[in-house]
Engineer: 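Below is one structure. I have some questions about it.
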Amino acid sequence: MIEINGTDHDRTPRPGQCLRTYLREEGFFGVKKGCDAGDCGACTVHVDGKPVHSCVYPAFRADGHRVTTIEGLGTPDALHPVQQDFLDAQGFQCGFCTAGMIMTSAALSADQREDLPRALKGNLCRCTGYRAVADAISGTCGVTDRGCGVGSSLGAPAGPQVVTGSARFTFDLDVPGLLHLKVLRSPHAHARIVAVDTSAALAVPGVEAVLTHKDAPDRLFSTAQHENEAEDPYDTRVLDEVVRFVGQRVAAVVATSEAAAEEGCRRLIVEYEVLPFVVDPVLAMAPGAPVIHPDKGMEEGIVRAESNVVGELHATLGDPEAGFAAADAVHSATFRTARVQHASLETHGALGWLDDDGRLVLRSSTQTPFLTRRAVARLYDLPQDRVRVVAGRVGGGFGGKQEMLVEDLVALAVLRTGRPVKWEYTRSEQFSGATTRHPFEVTVKAGASSAGELTALQLTVLVNTGAYGNHGPSVMHHGCHETVAVYKCGNIRTDAVTVYTNTVPAGAFRGYGLGQVTFAVEQVLDELARMIGMDPVTFRELNVVRDGDDLTAPGDHVEDLGIASYGLDQCLDHIRLAGAESDAAPEGWLVGEGMAIAMIAAGPPGGHFADASLKALGDGRYELSVGTAEFGNGSTTVFAQIVADELATTPDKVVIRQSDTDVVGHDTGAFASTGVVVAGRAVLRAARSLRTGGDGHGFFDGTPRSVAFNAQWFRVAIDPDTGELRILRSVHSADAGTVMNPAQLRGQIEGGVAQAIGATLSEHVDIADTGEVTTTTFRQYHLPTFADVPRTEVHFADTTDAIGPLGAKSMSESPFNPVAPALGNAIRDAIGVRMTDLPYTADRIWQALQGS
Ligand code: FES
């Protein structure tokens, strides 16, 4: 007998069952799965008042004990004080970690509250950067009255549900008769499947179906989702006869339990013809290298399949040679970025079933419900109106869920069995079978006059897209665009290639290539400024674009892009004034300062559509239907604020239905920093339509596009004996146009900075020479914990954009981009060595110090 939230539960746990799955099976969906390894704390509950990670706590041990989940901590009408504190501080974004954070925090002693870095070491948050969590625990109120509109720090509409554990994420749904899907993944980096013996798997009690490439459509698609489908090569099949990376799907087993499905996978006998493979992108382009997609070419969107080159850009602006000849100083260096993972706490996954009308319904953790519907319908020859895709609350995305990684196979299983099917990635699969940030190698050569004029720039870029080209070419184009377009330099040469290798595919990730190229450009410019004896802020001020300037980069003609408001000068002012105070460095440590800037356009050049409809409910409330999903980006909060302002009501009178292909017209999705600026403008139009007696419908096609600016500054201290780095001060300035919700925007910036600090200092997905991903747990991956993230001082430029709704600009991705180069510049300042390869771990910094 286990007492859960005051009620006895007498179901006996299965042998080996953990408390997490037991509690969820009893209906306590506030208990989340983040890692199932005791690393992230999303599953934290109390046993006899003490916090435990329920994923590693055997359920039988709770027999005779008192278990409290988030649902039992307080009630919506009588919140526990810690729940109220998290609500008041907006101590969350996606909210997936929040129940666990609250359960841990609610059990802290007064002494533990004095040492939060230690007390919270078992609870990870990927979204917030922990400042908002710290504020919540200290009782600092960050949100304003729930009746305020644009410009106020309104709390998220879903806040009460998030802090009580009643917010419904993808799998927080009881589906009767559910089947479970598990996948056998390839042990080989490159192989042809000769035969699959399914008989032993089918004999496992509970196994309902085994799916191999012979059961799947022989149809190519891209897992990447864009409005403009030509952006990505069509090189992927649901189940392919050829596997091209260790971890690729080989076959799926569908069974009445996860255990039976896993056992079925173990019993599959697969005969492979092992093929030559290549994991190094330079070797992949060399003559004689294994060709990874020999059966495809230009028709599928691959520019040189025979050389494993999926996309390339070779273009010149002005006369770079003359520019270098005119320079008084020229500097060149090559930089390499690491393969990092989104690590959203909610893993990829989907539930699927046939509704009463026989329509295929997919409930998915996705940033792109409409594009996913389009892709699934096409794969299975279904009219789009016979497919419904809906997202619950999404537990973090960061671009990783702009990808169809599960829905295609869940759809196949539902169509084959006629039964509801669930597929939820494990944390290990998230590392080896999802996507990562594209690793880049970037060589930058730059020249400047002694007066500080940037006379020439040259980029040579190599992008490793892995075994499939989803997002590969467009990440390359984007990475090579705003990074140089932010400078007025008229002489630029770009040579870039995106290359296949037999490794886990890369994909969309916050910044979309800009972070990688900015990392190199901003460090070479820093070195150039040193060479001519100019401080780095002045050097930027002399060379950045100004209001009214055209935005150009080699090879890209983006007529729909421009500066519709300009605040980069203010960002640089904030950075110039940053410096004075910081924590003192420990005695004997080396101290340095560094800064970097970044520019980003909202939305992709191929178009980005948003649709919104608004109606009065007759009781003073309004119902807003909008296509975008909410995954912690906060766009839902801003939508409510926009409607409230336009209709002279309060945001709590706005009921929002979203991310459901049945409730609103086509919407491209929540990615490319478009949530507020594109969907928000559709919402604004819908509200204005209703206000003036129209039909309450709003649409925006995402053009023209405007740019936002960011600048980051750090002061760091480095222990010369160990290489340990401490951030003494972090200052970020953002030009986001009208600040729609200051608390939320600040949180988004802090979260982006924290993610980038992780990518710069500790995170790294390791790939063995065999192509196998060897980083398969959070413990190995070193996601930043509470103790690793400094407070960042956030400033906003005072601008109003001519394009975005009510003057707002995009922000969600861009705070990430200047962080790594600013840290690189600060390290260079401290130790006198320019470090070129990420991550900047303590051992690498120590090695650099020995070299110096
Ligand atoms: Fe913490 Fe998203 S709010 S993981």
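FYI, side chains are in, hydrogens and waters are out, and symmetry mates aren't considered; it's all heavy atoms of this structure. Indexing begins at 1, ligand by ligand and atom by atom, following the structure's order.
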Engineer: Does a side-chain heavy-atom distance below 4.5 Å link Y781 with D766?
Structural biologist: no

Engineer: Is there side-chain contact between T668 and V678, with at least one heavy-atom pair below 4.5 Å?
Structural biologist: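 Result no, sub-4.5 Å side-chain heavy-atom pair not found.
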
Engineer: Can you tell me if CZ on R118 sees more than 12 non-hydrogen neighbours from other groups inside 6.0 Å?
Structural biologist: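 Open.
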
Engineer: Please determine whether a side-chain nitrogen of the Lys or Arg among R510 and E813 lies less than 4.0 Å from a carboxylate oxygen of the Asp or Glu.
Structural biologist: no

Engineer: Could you go through the ring-ring contact (aromatic ring centres under 6.0 Å, His included) check for F398 and H342 one step at a time?
Structural biologist: CA-CA 6 Å; F398 317 119; H342 309 76; 7.5 Å; no

Engineer: What number of protein N, O or S atoms occur at distances under 2.8 Å from atom 2 (Fe) of ligand 1?
Structural biologist: 2

Engineer: Evaluate the ring planes of Y840 and F519, with Trp represented by its six-membered ring, and classify them as parallel (under 30°), tilted (30 to 60°) or perpendicular (over 60°).
Structural biologist: tilted

